[in-house]
Each structure stands twice: as C-alpha cells, then as structure tokens.
Amino acid sequence: MWTDPQITEMRAALLAWYDQQGRTLPWRVRPEDRAQGLSPNPYAVWLSEIMLQQTTIPHGTPYWFKFLELYPTVQDLAAAPLDDVLTHWAGLGYYARARNLHKCAILVTEAYGGEFPETKSELLKLPGVGDYTASTIAAICFNEPTSIVDGNVERVISRLHRVEAPLPKAKAIIRKLAATLADPERPGDYGQAVMDVGATVCTPRTPACETCPWAHWCQAHRVGDMTDFPKKSPKKERPVRHGHAFVLVRDGAVWLRRRDEAGLLGGMMEVPTSAWADDMPPLEWPVSADWIRSATDVRHVFTHFELRLSVHTAQIADPLDLEGRWVDIGDFENEALPSLFKKVLGKANLPQT
DNA sequence: GATCCGTGGTG
DNA sequence: TCACCAAGGAT
C-alpha cells in the first residue's frame, strides 16, 4: 500500500497525463471548460453511460448522437413510445438496457421533476443504473467524491498491485484499492483519466507502459508480466443450440411478430422460428407452402450460447391467421429487429425490390 | 456468487 | 477461424 505522499504524487501524475491528452468524447466536458464552471448535462452523460455498458465506444457513439437528436431532453425520451426506443436501440444488444432506459426516463420525468438526482445513493435507485453508472454520473456531473470502477479500472488496478485473486472474486479487493487512490478533489476527471489509461495505454493485450503515467508505481510493469493480469476464473464453454427460421413473403412484405417482454431479446420483433434446442428440432412448417432452404445457415453468438438457424423461405398469396404483422422488405431499419434476425433476412430468398 | 443478457471488432 | 473483449445490471 502507498503512503499519503505517494498517493498525492500518483494522482498528480495521472491528472497531468489526462489534462495533456485532452481526449475528447462527445458527452465529455474538457477540464479547462470545467474549470470555467461548465458542467456536463446529466441526461447526456447518463445516456452515454447506459449505451456504453459492455459496448465499445465506436459502436455506441452513433447511437448516442441519434438518440440526442431524436430525444433532446429526458422528457422527450419519456414521451416516446417504448417500441420507438427499441427500434432505435436495435443493433446495440442487451435490450433490457433500452427498456430500463425508457422506464428511467419516465421515472425521472414524473417523480424527479425532470432533473436527475445528484447523489450516488439516489442515482442507484434508478432502473438500469448500478454501482458503476451511479458513481460515474455523481462524480462527473455533480463532483461527488466517489470511486469509479469499470473493466478498465479493474485491469489497471490489478496490474498496479499484481492482484493474484481472479475476477470476479477480486472485485471487492480491487474496489478497495481503487478507492484509496481516487481523487476527492477532481473525482470526475480522475475517474475518466483511469478509464482512459485502461482504454488507451493499459490495454488487455499489448500495454504501452512507456507512455503510462503510473508505470513508475506499477508492480506488474516492474516484473514484466502485465498481461497476466487481471487473473480470471475459467469460463464455462458456450453450448450450441439449433433451430429453424421461417421467412414468409407476401406481396413484398415479410411476416414478423413481437417477442415476449421478458428474457432474451425481450420486447423485440422477430422472424418466426422453431424452438431452439441442443439437438436439431424436427422441421415443422408453420404454414403449408413451397419452402426453400437457403444454402447457408445463420450462426449467431450470444453471451452464453451459440445459435445456428437454418433459413427457410416461402412465398404465399393469401393472408394468414397468425399473430404478427407484415413489414415491407427494405423497411427493416424502422423495426425493433435484433441483429440476429437481420442476419436471417439477409440469407433468405427475398424477392428483389 | 452465479447466471442471464447482444453485438461487432480484433489479434 | 476463433477466442477474447467492451465505460455492467438485474435476479
């Protein structure tokens, strides 16, 4: 553990590095602007933090711009139909985030007078806001002296101290170590600085220790085994499930239906499929028609299993007595359609439009 | 604490 | 190709 003078020195080194980087992210207020009294818009920061949960910045950023344009204020987001929110979220994954986002916007609008709460403990009460997000909003927007710990910080701290315990068990230890270092004077800048170090210097595969403001204090750097940290518990293997997808085409439109609110891809639209099973389910047509199987299957990797779907297409002439609705081919961007089903439609034998 | 929950980029 | 990874949260 460090002495107080050492901690002071480490904070200064990190913040000097951060101020010099001037890394600009669209939702961020630069240190010099913050010093002028500018503070970030909590709605915009909250939106970015929810979108960036388990999501890369390049992937999430376009969605952030789109949402701010469609919904400039939390009241606008609250007033939108959930289906619209899900539609614009399509492709980002982890769709419970979108449902909680909408629920949270309504709560902030109706119970908090349209203003986000200003403390971590109050922020934690919002749906979809956990320890990381609450800490980050409180620190960045309201200067609450709280410690921010995300995956980047875990990597930096575990290397700094050569934490032997594997994740996720080591989380408690890492939190404690991180909290010791966190700067109560500039909690927002400090937190973003550690995350930036993790994202751009202390990277998982090839850390650039030459440019690291903490290399002088880093135990893993001294030993030279940086990439052995953080240690991780062995992960379970991902099972493979199988199924059949049925693309029904009629008059330039495709049959889609809505998934159940709970569980996987909850509340999103889908192409009808058979059940997904460990063994290939029997092929049972939803309607009698001339079905054509596409040459290649769809392979889609979820967090905890892999899915392989055969794709079958049929053209029909008569309306159907099934639950769902027809959606024009080429109009899929206007649907809450997860990437999995966009892949399915991409492999189906659709008529040219 | 363990499990569930997406997707796309990368080495 | 494939395993790994990404500004986590809810149950």
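The chains referred to below are lettered A, B, ... by the order of the sequence lines, with proteins before strands, and numbering in each begins at 1. None of these values were measured; they are calculated from a predicted model. Basis for what follows: all heavy atoms, side chains included, without hydrogens, waters or symmetry-related copies.
Counted within 6.0 Å of NZ on A:Lys66, heavy atoms from surrounding residues, nucleotides or ligands total more than 12; the atom is thus considered enclosed.
In this structure, A:Val301 and A:Lys169 both approach DNA chain B, and ranking their closest nucleotides by distance from the 5' end singles out A:Lys169. Comparing A:Thr56 and A:Gly263 against DNA chain B, the residue whose closest nucleotide sits nearer the 5' end is A:Gly263. Looking at which nucleotide of DNA chain C each of A:Arg238 and A:Ala134 is closest to, the 5′-most match is held by A:Arg238.
Note: CZ (A:Arg299) to P (B:dT7) measures 14 Å, nearest angstrom. The interatomic distance linking A:Gln53 (CD) with B:dG6 (P) rounds to 13 Å, in whole Å. Taking atom CG on A:Asp196 and atom C1' on C:dA6, their separation rounds to 14 Å, with Å as the unit. When the C1' atom of C:dA7 is taken as reference, atom CZ of A:Arg155 falls 11 Å away, rounded to whole Å. Per the geometry, OH belonging to A:Tyr94 stands 9 Å off C1' belonging to B:dT7, to the nearest Å.
The shortest side-chain heavy-atom distance between A:Val197 and A:Tyr18 does not fall under the 4.5 Å cut-off. Proximity of A:Met10 to A:Leu160: side-chain heavy atoms (C-beta onward) are separated by under 4.5 Å at one or more points.
As judged by a 4.0 angstrom heavy-atom cut-off over every strand, A:Pro127 is placed among residues touching the sugar-phosphate backbone only.
Using bins of under 30°, 30° to 60° and over 60° for the plane-to-plane angle, the ring pair A:Trp285/A:Trp291 lands in the parallel bin.
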